[in-house]
Undergrad: 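Quick one: this structure, given as structure tokens, is what I'll be asking you about.
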Amino acid sequence: MNLQQLRYVVEIEKTNSITGAAKNLFMGQPNLSKSVKELENEIGITLFNRTAKGVEPTSGGLQFLRYAKTILEQMDELESLYKPQAQSALQFSLSVPRATYISVTFSRFLNNMDCDTPLDIQYKETNSVSAVTDVSTGCSSLGIIRYQNIY
């Protein structure tokens, strides 16, 4: 098992599609499928059920993906802490629920920024409970939550 395989399965979960994940990862779908199958054989569980609509994580796969995401977040943070940077970058981390309007708005915000200082932006799509947890544990600077009016 390696970090790249963890990144692969997290991307597959995000897109609910091996083909879509392969496209996002700039690799061929057969190579991605082979890598996932090797990982599944190594750890001894099936991570995804293949369906007509794409893929969905198995119960064991959900647990594995939670650990994989935590490991990847910690590796990214560790790398950003000790990676030499030419200039001091402004750091900002954001946890948001999965919603197109949030990602589009945040992208527009970043594109309209007039900033000469390098930015280190961590954008994490998650659910509202995880967003609150990320902010309370310091993993994210800001969390956006959404809920229905009846709550």
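Index from 1, following the sequence.
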Undergrad: Less than 4.5 Å apart, any side-chain heavy atom of Leu39 and any of Phe64?
TA: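 They are in side-chain contact.
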Undergrad: Look at the side chain of Thr58 and the backbone N and O of Phe48, then say whether any donor-acceptor pair between them is shorter than 3.5 Å.
TA: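 No; judged by distance alone, with no hydrogens or angles, the pair does not exist.
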Undergrad: I'd like to know if the side chain of Thr51 reaches the main chain of Gly54, judged simply by a donor and an acceptor atom lying under 3.5 Å from each other, with no hydrogens or angles considered.
TA: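 A pair under 3.5 Å: yes.
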Undergrad: Less than 4.5 Å apart, side chain to side chain, heavy atoms only: is that true for Glu73 and Glu77?
TA: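 Counting from C-beta outward, Glu73 and Glu77 never come under 4.5 Å.
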Undergrad: Given 3.5 Å as the limit, does a donor-acceptor pair link the side chain of Arg146 with the main chain of Ile144, or not?
TA: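 Not a single qualifying donor-acceptor pair exists.
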Undergrad: What are the two closest heavy atoms between Ser33 and Ile18, and how far apart are they?
TA: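 Looking at all heavy atoms of both residues, the closest pair is OG-CG2, 3.4 Å.
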Undergrad: Is a donor on one side and an acceptor on the other found under 3.5 Å between the side chain of Ser130 and the backbone of Asn127?
TA: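 No; zero donor-acceptor contacts below 3.5 Å.
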Undergrad: Is Phe92 close to Asp120 at the side-chain level, that is, under 4.5 Å between some pair of heavy atoms?
TA: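 They are not in contact (no side-chain heavy atoms under 4.5 Å apart), so the answer is no.
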Undergrad: State plainly whether one hydrophobic cluster holds both Leu62 and Leu72, where clusters connect Ile, Leu, Val, Met, Phe, Trp and Tyr through side-chain heavy atoms under 4.5 angstrom apart.
TA: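 Different clusters: Leu62 never reaches Leu72 through Ile, Leu, Val, Met, Phe, Trp or Tyr contacts under 4.5 Å.
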Undergrad: Is Tyr67 linked to Ile43 within one hydrophobic cluster, defined over Ile, Leu, Val, Met, Phe, Trp and Tyr using a side-chain heavy-atom separation of less than 4.5 Å?
TA: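 No; Ile43 is not reachable from Tyr67 via cluster members.
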Undergrad: So, for Ser17 and Val55, which heavy atoms are closest and what is the spacing to 0.1 Å?
TA: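 Scanning both residues, the minimum pair turns out to be N-CG2, 3.8 Å.
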Undergrad: I need the minimum non-hydrogen distance between Glu13 and Leu65, along with the two atoms involved.
TA: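 Minimum heavy-atom contact is CD-CD1, 3.7 Å.
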Undergrad: Is there a donor-acceptor pair under 3.5 Å between the side chain of Gln5 and the backbone N or O of Asn2?
TA: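 Between the backbone of Asn2 and the side chain of Gln5 there is a qualifying donor-acceptor contact (under 3.5 Å).
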Undergrad: Does any part of the side chain of Leu3, heavy atoms only, come nearer than 4.5 Å to the side chain of Met75, both counted from C-beta?
TA: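 Side-chain contact under 4.5 Å: yes.
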Undergrad: Got a donor-acceptor contact below 3.5 angstrom from the Ser35 side chain to the Asn31 backbone?
TA: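 No; zero donor-acceptor contacts below 3.5 Å.
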Undergrad: Look only at the side chain of Glu40 and the backbone of Leu47, and say whether a donor-acceptor pair between them is shorter than 3.5 Å.
TA: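 Yes; judged by distance alone, with no hydrogens or angles, the pair exists.
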Undergrad: Please examine the side chains of Ser95 and Thr126, heavy atoms only from C-beta on, and report whether any two atoms are closer than 4.5 Å.
TA: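 Thr126 reaches Ser95 side chain to side chain.
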Undergrad: Which heavy atom in Gly143 sits nearest to a heavy atom in Val135, and how many Å separate them?
TA: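 Nearest pair, atom of Gly143 first, then Val135: N-CG2, 3.3 Å.
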Undergrad: Tell me whether Asp76 is salt-bridged to Lys124, with the criterion being a basic N under 4.0 Å from an acidic carboxylate O.
TA: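 Salt bridge absent between Asp76 and Lys124.
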Undergrad: Distance from Thr100 atom OG1 to Glu125 atom CD, nearest 0.5 Å?
TA: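 These two atoms lie 8.0 Å from each other.
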Undergrad: Taking all heavy atoms of Ser93 and all of Ser140, pick out the closest pair and write down the distance.
TA: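 Taking every non-hydrogen atom into account, OG-CA, 3.0 Å.
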Undergrad: With the 4.5 Å side-chain cut-off for hydrophobic clustering, are Met1 and Met27 part of the same group?
TA: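 In one cluster with Met1: Met27, yes.
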Undergrad: Ile102 and Phe109: same hydrophobic cluster, using ILVMFWY side-chain contacts below 4.5 Å?
TA: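 The answer is yes; both residues are in one hydrophobic cluster.
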Undergrad: Ignoring hydrogens and geometry beyond distance, is a side-chain donor-acceptor pair present between Glu11 and Asn24 at under 3.5 Å?
TA: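 Judged by distance alone, the side chains do pair up.
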Undergrad: Could you identify which residues cluster with Val132, counting Ile, Leu, Val, Met, Phe, Trp and Tyr as linked when any side-chain heavy atoms lie under 4.5 Å apart, either directly or through a chain of such contacts?
TA: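 Grouped by the 4.5 Å side-chain rule, Ile145 form the rest of the cluster around Val132.
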Undergrad: At their closest point, which heavy atom of Gly61 faces which heavy atom of Ile45, and how far apart are they?
TA: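 Nearest heavy atoms, Gly61 then Ile45: N-CD1, 4.3 Å.
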